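A quick note: this is a predicted structure, and the numbers were derived from the prediction, not measured. We count residues from 1, following the sequence as given. First listed ligand is number 1; within each ligand, the first listed atom is number 1.
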Amino acid sequence: MAKYYIKTFGCQANKAESQRQQTYFESRGLRLAPNWQQASEIFINTCSVRKAADDRVYALLNQMQDYYHSIPRAQWPHVVISGCMNRYADRLKKRFPVVSEVLTSDDTNFQYPATRPADDPQAFIQISVGCNSYCTYCVVPYARGPERSRDFDTIIGEVEQAVREGHHEITLLGQNVNSWGLEKVQTARRKQIFGSLSQLPANADQYQTFTGTSPFVQLLRAVSHIDGVDKIRFLTSNPWDFHDDLIAEVISNKKIDRYLHLPVQSGSDTVLARMNRGYTAATYERLVTKLRAGDPSIQIGTDIIVGFCGETEAEFAQTLAFVKKMHFIVAFVAMYSPRPGTVSAKIYRDDVPFAVKKRRFEILDKIINRDQLASRPKIV
Ligand code: SAH
Ligand code: F3S
């Protein structure tokens, strides 16, 4: 019987897409192979957010190319590449003849429902794809294209189906999950790279492009009203789109997990400006203070990039001081790597030496992730 193999790198959105791909393979009667060597169809879902992610994919493709070197082409498997490395389609096909096909960012296979492990209480539901935020370091807006929200009824239908299948914890996914339903009004603003916080709209912490309740809060409420939904998580929020109505909803709606992931990236305003993040350390702090004031049991985890272009010792010291003040429960600390095609790769220099990046990484990782290990929550 024909067999398939799926290898997934990167974020939860990729994991969700791979679960749908599994349904596609199974619906065609294929069975899961124990390893890629035994598969006739291989799906590799790639990540390109950092150079290290690219390298892991290249290592796998090198292995595959070596393995099939001495095997006649007619017996090669059908190898499909998906995910953020789709930007390198031509190069990948040329360098690795074993690659049969590279999917574009429009090939999101939503027509197939996800195959989820029966014993996993959690279901990942993608509510949007792409991103309009254009953080200067980030490849996602280029690799995944503009933000596109899936429609309300489709999302609710998928949640109901997941609950019927026994998954009572729902994790809503989007690259910028809390701007769901707002891309039409936000695109123009987001596409602009501000470059400096002084160019931001005056109310930089609340650039509100809607009146009343935001679409995302409406969606959260609808999901929490579905019978059988016990817990709701959402990944990943951009602090700038975390408006007061969402703060109030998180505080009052106890089905929403008390752990929130809120990437800050830096505690230095000048670095945040170069990153085009759209908020200051003070506005981020205000957001977290409001959340904790409403419910002291709320825990915050974050992402931080060290060694971003031009990051001085003084700027790093600001991040360090900020981190100490914020009591993050966990942080995914990354050393900056320039990604081809992004604004930072074009207009700034990657001028922080690797040894300095590594030292800054270790300092933050130790303070946040190792000194407080005992109190860490279970994180998806
Ligand atoms: N919207 C997604 C972003 C995906 S990138 C999310 O917020 O999860 C995930 C994390 O990778 C980012 O938060 C950032 O901390 C890190 N990252 C992105 N681009 C990077 C780069 N060029 N170098 C180092 N880290 C990066
Ligand atoms: Fe990337 Fe910023 Fe969007 S980190 S995914 S451009 S919110």
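- Salt-bridge check for K94 with D90: failed, with every basic side-chain N at 4.0 Å or more from each acidic carboxylate O.
- Separation of the H243 and F216 ring centroids does not fall under the 6.0 Å cut-off.
- Between R360 and E315 there is no salt bridge, since none of the side-chain N atoms of the basic residue sits less than 4.0 Å from a carboxylate O of the acidic one.
- Distances below 4.0 Å separate heavy atoms of R339 from the following atoms of ligand 1: 22 (N).
- The nearest heavy-atom contact from the protein to atom 9 (C) of ligand 1 is D303 OD2, 4.0 Å.
- Closest protein heavy atom to atom 11 (O) of ligand 1: R50 NH1, 3.2 Å.
- For the pair R31 and E26, the salt-bridge criterion is met [side-chain N within less than 4.0 Å of a carboxylate O].
- Under 4.0 Å is where a charged nitrogen must lie from a carboxylate oxygen, and between E249 and K255 no such pair does.
- Both V343 and I305 belong to a single network of hydrophobic side chains, linked directly or stepwise wherever heavy atoms of I, L, V, M, F, W or Y lie under 4.5 Å apart.
- Residue-ligand proximity, R277 to ligand 2, at heavy-atom distances under 4.0 Å covers atoms 2 (Fe), 4 (S).
- The nearest protein atom to atom 22 (N) of ligand 1, hydrogens excluded, is given as S337 O, 2.8 Å; this is a heavy-atom distance.
- Each of the atoms 14 (C), 15 (O), 17 (N), 25 (N), 26 (C) of ligand 1 lies under 4.0 Å from some heavy atom of I305.
- For atom 5 (S) of ligand 1, the nearest protein heavy atom (residue, atom name, distance) is V49 CG2, 3.7 Å.
- Contacts of Q175 with ligand 1, taken as heavy-atom pairs under 4.0 Å, involve both backbone and side chain.
- Closest heavy-atom approach to atom 14 (C) of ligand 1 among the candidates M275, M335, Q265: Q265.
- Note on R87 versus D54: no salt bridge recorded, every NZ/NE/NH1/NH2 to OD/OE distance being 4.0 Å or above.
- Around atom 1 (Fe) of ligand 2, the protein contributes the following N, O or S atoms at distances under 2.8 Å: C138 SG.
- In this structure, the separation between CD1 on I300 and CE on M326 is 7.0 Å, given to the nearest 0.5 Å.
- Listed by number with element, the atoms of ligand 1 under 4.0 Å from a non-hydrogen atom of T236 are 6 (C), 7 (O), 8 (O).
- The cationic atom of K7 (NZ for Lys, CZ for Arg) lies less than 6.0 Å from the six-membered ring centre of F9 and within 45° of the ring axis.
- Taking the ring axis of Y58 as reference, the NZ or CZ atom of R95 stays within 45° of it and closer than 6.0 Å to the ring centre.
- For the pair R150 and F110, the cation-pi test (distance below 6.0 Å, angle within 45°) is passed.
- The shortest heavy-atom distance from Q265 to ligand 2 is not under 4.0 Å.
- Near Y137, meaning under 4.0 Å from any of its heavy atoms, are these atoms of ligand 1: 18 (C), 19 (N), 20 (C), 22 (N).
- The side-chain heavy atoms of S48 and M85, taken from C-beta on, include a pair separated by under 4.5 Å.
- In summary, the atoms of ligand 2 found under 4.0 Å from a heavy atom of N238, numbered by their order in the structure, are 7 (S).
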